[in-house]
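Order of the sequence lines fixes the chain letters, A, B, ..., with proteins taken first and strands second; residue numbering starts at 1 for each chain. Excluded from the calculations below are hydrogen atoms, water molecules and symmetry mates; all remaining heavy atoms, backbone and side chain alike, are included. Source: prediction; values computed, not measured.
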Protein chains: 2
Amino acid sequence: MAQSDTVTRILDTAEVLFAERGFAETSLRNITSKARVNLAAVNYHFGSKKALIQAVFARYLDPFSQRFHGALDELEARYEGRDIPLEVLLETMATTVLTVPAERNSLKVFMRLLGLAYSQAQGHLRRYIQQQYGDVFSRFTELVRRATPDLPDAERFWRLHFMLGTVIFTLSGLDALRDIAEKDYHQHVSVRDLVRRLRPVVVAAMNAPLPDEKDIEHHADTVAH
Amino acid sequence: MAQSDTVTRILDTAEVLFAERGFAETSLRNITSKARVNLAAVNYHFGSKKALIQAVFARYLDPFSQRFHGALDELEARYEGRDIPLEVLLETMATTVLTVPAERNSLKVFMRLLGLAYSQAQGHLRRYIQQQYGDVFSRFTELVRRATPDLPDAERFWRLHFMLGTVIFTLSGLDALRDIAEKDYHQHVSVRDLVRRLRPVVVAAMNAPLPDEKDIEHHADTVAH
DNA sequence: GTTTGTTTAAAACATCCGTTTTTTATGGCC
DNA sequence: GGCCATAAAAAACGGATGTTTTAAACAAAC
């Protein structure tokens, strides 16, 4: 069992360090020394640093993808072809996200990694995630589409990403926010508590009135990109 | 004018490269060679790479802080002590954010930098921004407090950060999202267009009904942090 | 015209990086 | 025992990084 021990110790250490400092700021020497493993072990077992990063993600996203597919199967069976309400879809996604890392007690790490996958350059990562787990997301968005038939496609697309930003930003920066919150309001905030607060906000945001068309040409477009 | 030319050329180049790839992934040699400036110039004029990063931020945040203070002064004068409506406050912040980089045609860069400041490790950056520009933010949140008297303090705190996440996440990851959006919906998305879409969503989110108290103890808290 | 202070240029420095190679240890199999 | 594939450990490699040092150019002041 020497191998699997080394491999998982590398993964356990790497995911924490990556989540704390990002990929470029975390060297293989950081990882291997903290994991009390030889430097060459990463290249031996994973091939390269890139592959290590992908392996860290796979360990979260493989079970997530699998469970989420299962949960959606169950949902579609229960509703027998009828549209699944938006609240139910969101709730299902939330509980699935919460379930996966719960087994490893590291939701914070999971969310922080997701945030990095978006914000960080790391082109290879986005591509990897896209082609590896894009189908689950597509399936979900299609169900959301049926649940919100009055929303224009583009509007729904953007609002989904708005909410993705809300959740990832909040949960990935949880520690910093929690510090401020506890200092200012003297109350402890659990993840479940946060999800409870997120629920009505996300639902209200998705159901917000459509933007005013007149706003389009309010100003000359002095802001190029 | 040789000095100021070198300095601004470094800043102009650095902010673009930082925004594109992040701080760690951008070397001083990248910057100086692209700016056609000697490698040692950065350390000579700024002292260190850290100081360069902070200078890049200061060039955006100093005018922003100044203008935002001015805009709030104006608003408080206009409302003569009466509470300023939430929509007006949000609108003021949005226009101020849009105004500052418009002069340099680089809102995208500005937003991306803000996103990096949050997501990236770079402890020194968050500390620098906090102590340098914390007061403007405090002033703003106090006005928001008066505008939403029915919202519990903790709830308002979290919702403000939820929306901060929405905006920063969306605008800092704009390029990637824009690619997907244009591929799927064949429409170009301008920043102004995005702000128009964000407005009703943010307002609806802030005014969402309070979370259901009963939800607190729905599940055993198996999820630690 | 020399001197002085400031900016640029070039080179060198020490350090850290990801990866590869070489060597040593380990444990199952004939 | 000897054999062999697998894993771990140690050492080295080539390259890139931030920074510092040394030398040259330049303009202003006297």
Side-chain angles (χ1 to χ4, degrees), chain A residues 1-59 113 116-117 120-125 127-128, chain B residues 1-59 113 116-117 120-125 127-128:
Chain A
M1 290 300 107
Q3 177 212 0
S4 113
D5 191 53
T6 299
V7 168
T8 63
R9 213 156 62 226
I10 289 175
L11 286 172
D12 288 344
T13 310
E15 71 175 25
V16 171
L17 291 181
F18 285 155
E20 280 176 357
R21 330 183 196 171
F23 305 115
E25 294 87 345
T26 304
S27 70
L28 295 183
R29 284 171 175 83
N30 288 156
I31 298 170
T32 52
S33 69
K34 184 159 189 183
R36 282 175 306 135
V37 150
N38 189 271
L39 168 62
V42 169
N43 285 280
Y44 178 78
H45 287 287
F46 297 92
S48 68
K49 187 180 180 182
K50 274 187 185 178
L52 207 214
I53 295 176
Q54 296 182 356
V56 166
F57 273 84
R59 203 163 60 139
L113 290 175
L116 285 178
Q120 207 93 342
Q122 298 286 8
H124 75 97
L125 230 194
R127 262 179 278 121
Y128 171 78
Chain B
M1 291 300 106
Q3 176 213 359
S4 113
D5 191 54
T6 299
V7 169
T8 62
R9 215 157 61 226
I10 290 174
L11 286 172
D12 288 345
T13 311
E15 72 174 25
V16 172
L17 291 181
F18 284 154
E20 280 176 358
R21 329 183 198 172
F23 305 115
E25 294 88 345
T26 304
S27 70
L28 294 185
R29 285 170 175 82
N30 288 157
I31 298 171
T32 53
S33 70
K34 183 160 188 183
R36 282 174 307 134
V37 149
N38 189 270
L39 168 62
V42 169
N43 284 280
Y44 176 78
H45 287 287
F46 297 93
S48 68
K49 187 180 180 181
K50 273 187 187 177
L52 206 214
I53 295 175
Q54 295 182 356
V56 166
F57 273 84
R59 203 161 61 136
L113 290 175
L116 285 177
Q120 207 92 347
Q122 298 287 4
H124 74 96
L125 230 194
R127 264 179 276 122
Y128 171 78

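- Remark: C1' of dG18(D) and CZ of F23(B) are 17 Å apart, rounded to the nearest angstrom.
- OP1 or OP2 of dT8(C) sits under 4.0 Å from a side-chain N or O of H45(B).
- Straight-line distance from the CG atom of D5(A) to the C1' atom of dG27(C): 16 Å, rounded to whole Å.
- Atom CD1 of I10(B) sits about 13.0 Å away from atom CD of E15(B), to the nearest 0.5 Å.
- Salt bridge status for D12(A) with R59(A): present, with a side-chain N to carboxylate O gap under 4.0 Å.
- With sequence neighbours excluded, the residues that form a side-chain contact (heavy atoms from CB on, under 4.5 Å) with A58(B) are D62(B), Y128(B), Y133(B).
- The CD1-C1' distance, from I53(B) to dG18(D), rounds to 12 Å in whole Å.
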task: For the pair N38(A) and Y44(A), evaluate side-chain contact (heavy atoms from CB on, under 4.5 Å) and give the outcome as yes or no after the intermediate values.
output: CA-CA 10 Å; N38(A) 189 271; Y44(A) 178 78; over 6 Å; no
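- Taking side-chain N and O atoms only, T6(A) has a distance below 4.0 Å to OP1 or OP2 of dA8(D).
- F57(A) and F23(A) have tilted rings, their planes meeting at an angle from 30° to 60° on a 0 to 90° scale.
- Remark: the backbone N or O of V37(A) is not paired with any side-chain donor or acceptor of R9(A) at under 3.5 angstrom.
- Between L116(A) and A19(A) the shortest heavy-atom distance is CD1-CA, 4.4 Å.
- N30(A) pairs by the side chain to side chain donor-acceptor pair (under 3.5 Å) definition with R21(A), S27(A), not counting sequence neighbours.
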Just the table, please: protein N/O against nucleotides 15-17 of chain C N/O, every pair under 3.5 Å.
unit_1	atom_1	unit_2	atom_2	d
dC17(C)	OP1	S27(A)	OG	3.0

Verdict with supporting geometry, F46(B) and V56(B), side-chain contact (heavy atoms from CB on, under 4.5 Å): CA-CA 11 Å; F46(B) 297 93; V56(B) 166; over 6 Å; no
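- For the contact set between residues 32-44 of chain B and DNA chain C, defined by any heavy atom under 4.0 Å, the members are N38(B), A40(B), Y44(B).
- Each end of the helix from dG1(C)-dC30(D) to dC30(C)-dG1(D) gets its own axis, taken as the rotation carrying the C1' atoms of four end pairs onto the next four within a five-pair window, and the two axes meet at 20° to the nearest 10 degrees.
- The side-chain contact (heavy atoms from CB on, under 4.5 Å) search around L28(B) returns I31(B), L39(B), V42(B), N43(B), K49(B), L52(B), not counting sequence neighbours.
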- prompt: So H124(A) and Q54(A), side-chain contact (heavy atoms from CB on, under 4.5 Å) or not? Walk me through it.
  reply: CA-CA 9 Å; H124(A) 75 97; Q54(A) 296 182 356; 3.3 Å; yes
